[in-house]
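This report refers to the structure that appears directly beneath it.
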Amino acid sequence: MGQFIKSGDELIQVLILIVLILTAIILLVVVLNMYSVINKIIAHKEGRVIEPFSFSKWWQKEAGTTIPVEKEEDILLNHDYDGIRELDNHLPPWWVKMFYATIAFAVVYLGAYHVWNITPLQEEEYQLAMDEAKKEVELFQSKMANTIDEKTVKLLVDDSKTVNSGKEIFTSKCAACHGQTGEGGVGPNLTDEYWLHGGTINDIFKTVKYGVPEKGMIAWQATLKPNEIQSVSNYILSIQGTNPPNAKAPQGEKSAATATDSTSAKPVAAL
Ligand code: HEC
């Protein structure tokens, strides 16, 4: 049961349901008892004797009567399939009762599922479960995104979604100082192999996150979410070696092929 019950509310609902079912069973037993007592009183007044309940007698009645062999001629149907003939026996009462029970069930089922829509149909149920799972995944991802730091940042230069969102951030927040194409301006050229603060994804993440305030590079951790810093850092690595026009002269140390990811140590392509 544990995997179906997710919250305290649901637990309370299940408990209420169990109590309701138990109450219904007790009520049923009481009513049946009262019925048999009243029956006995009436029978006593009328001078009848009520026989105690016997399962075998009850079953004999429910199983129905079969016609004795000598009387079968009377109920023989007048068709013949290669010598196989059929008797028109009455259906056994237990079978007929079950049949009516299925009709009653069908009415309740139809009402619950298709008329009053008390419970969702399979397809809706599937959709609801999918929506819930999607929310859980999003929640998980947003949690993960906020735990990214300079140690866990991933090299995702090949992931166009990351790079594109990084480009958007770069154009709106960074281009003013680093140029529209990263060629440099107030800030250094970000497309060459020279770095003041290191050219690995971890170094870049760190520079963007904490900034170099005394030199005019803003600390972005208050403005950008960790996953946004990851995107923009990957965008910077993706424009490596693009040689934009009007590129600012190199600053810092040359550190080709050091743009590695702390987890995979994979060199960045086209450095
Ligand atoms: C106000 C101007 C300004 C803005 C806006 C700015 N930067 Fe900078 N950035 C600088 C300066 C100046 C430096 C050089 C710091 C130094 O000399 O140590 C720098 C350095 C960097 C470096 C280090 C480069 C190296 O050679 O190590 C990176 C990476 C960087 N910026 C990324 C960004 C990103 C990403 C953004 C946008 C989110 C951004 N910058 C926005 C001015 C800016």
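Note that ligands are numbered from 1 as they come in the structure, with each ligand's atoms numbered from 1 the same way.
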Quick check: are there more than 12 heavy atoms from other residues, nucleotides or ligands sitting under 6.0 Å from [atom1] of [X]?
{"X": "Gln221", "atom1": "CD", "value": "yes"}
{"X": "Asn33", "atom1": "CG", "value": "yes"}
{"X": "Asp74", "atom1": "CG", "value": "yes"}
{"X": "Lys209", "atom1": "NZ", "value": "yes"}

Residue, atom name and distance, where the atom is the protein heavy atom closest to [atom]:
{"atom": "atom 5 (C) of ligand 1", "result": "Lys173 O, 3.4 Å"}
{"atom": "atom 15 (C) of ligand 1", "result": "Lys215 CB, 3.7 Å"}
{"atom": "atom 27 (O) of ligand 1", "result": "His197 N, 2.8 Å"}
{"atom": "atom 25 (C) of ligand 1", "result": "Leu196 N, 3.2 Å"}

Restricting to side chain to side chain donor-acceptor pair (under 3.5 Å), what partner residues turn up for Lys225, sequence neighbours left out?
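Lys225 satisfies side chain to side chain donor-acceptor pair (under 3.5 Å) with no residue once adjacent residues are dropped.
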Contact region, Trp195 to ligand 1, non-hydrogen atoms below 4.0 Å, reads both
Heavy atom under 4.0 Å from ligand 1: found in Asp203's side chain, backbone, both, or neither?
neither
Output the distance between atom CD (Glu168) and atom OG1 (Thr171), rounded to the nearest 0.5 Å.
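Separation between the atoms: 7.5 Å.
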Using modelled atom types only, decide if a donor and an acceptor are shared between the side chain of Gln230 and the backbone of Val153 within a distance under 3.5 Å.
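Side chain of Gln230 to backbone of Val153, a donor-acceptor pair under 3.5 Å: no, none is there.
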Suppose we screen for side-chain contact (heavy atoms from CB on, under 4.5 Å). Which residues come up paired with Val30, at least two apart in sequence or across chains?
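Only Ile26, Met34 meet the side-chain contact (heavy atoms from CB on, under 4.5 Å) criterion with Val30.
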If we number the atoms of ligand 1 from 1 as shown, the ones under 4.0 Å from a heavy atom of Trp220 are 5 (C), 36 (C), 37 (C), 38 (C), 39 (C), 41 (C)
Which of the ligand 1 atoms, numbered from 1, are nearer than 4.0 Å to a heavy atom of Ile204
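Heavy-atom distances to Ile204 below 4.0 Å select 29 (C).
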Selection residues 144-172 - residue pairs positive for ring pair (Phe, Tyr, Trp, His ring centres under 6.0 Å), sequence neighbours left out
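Residue pairs with at least one partner in residues 144-172: Phe170-Tyr235.
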So that I can tick it off, tell me whether Glu183 and Lys248 are bridged by a salt bridge, with the cut-off set at under 4.0 angstrom between side-chain N and carboxylate O.
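No, this pair does not count.
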How about atom 8 (Fe) of ligand 1, which protein N, O or S atoms come within less than 2.8 Å?
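Listed by chain and number, the atoms are His178 NE2, Met217 SD.
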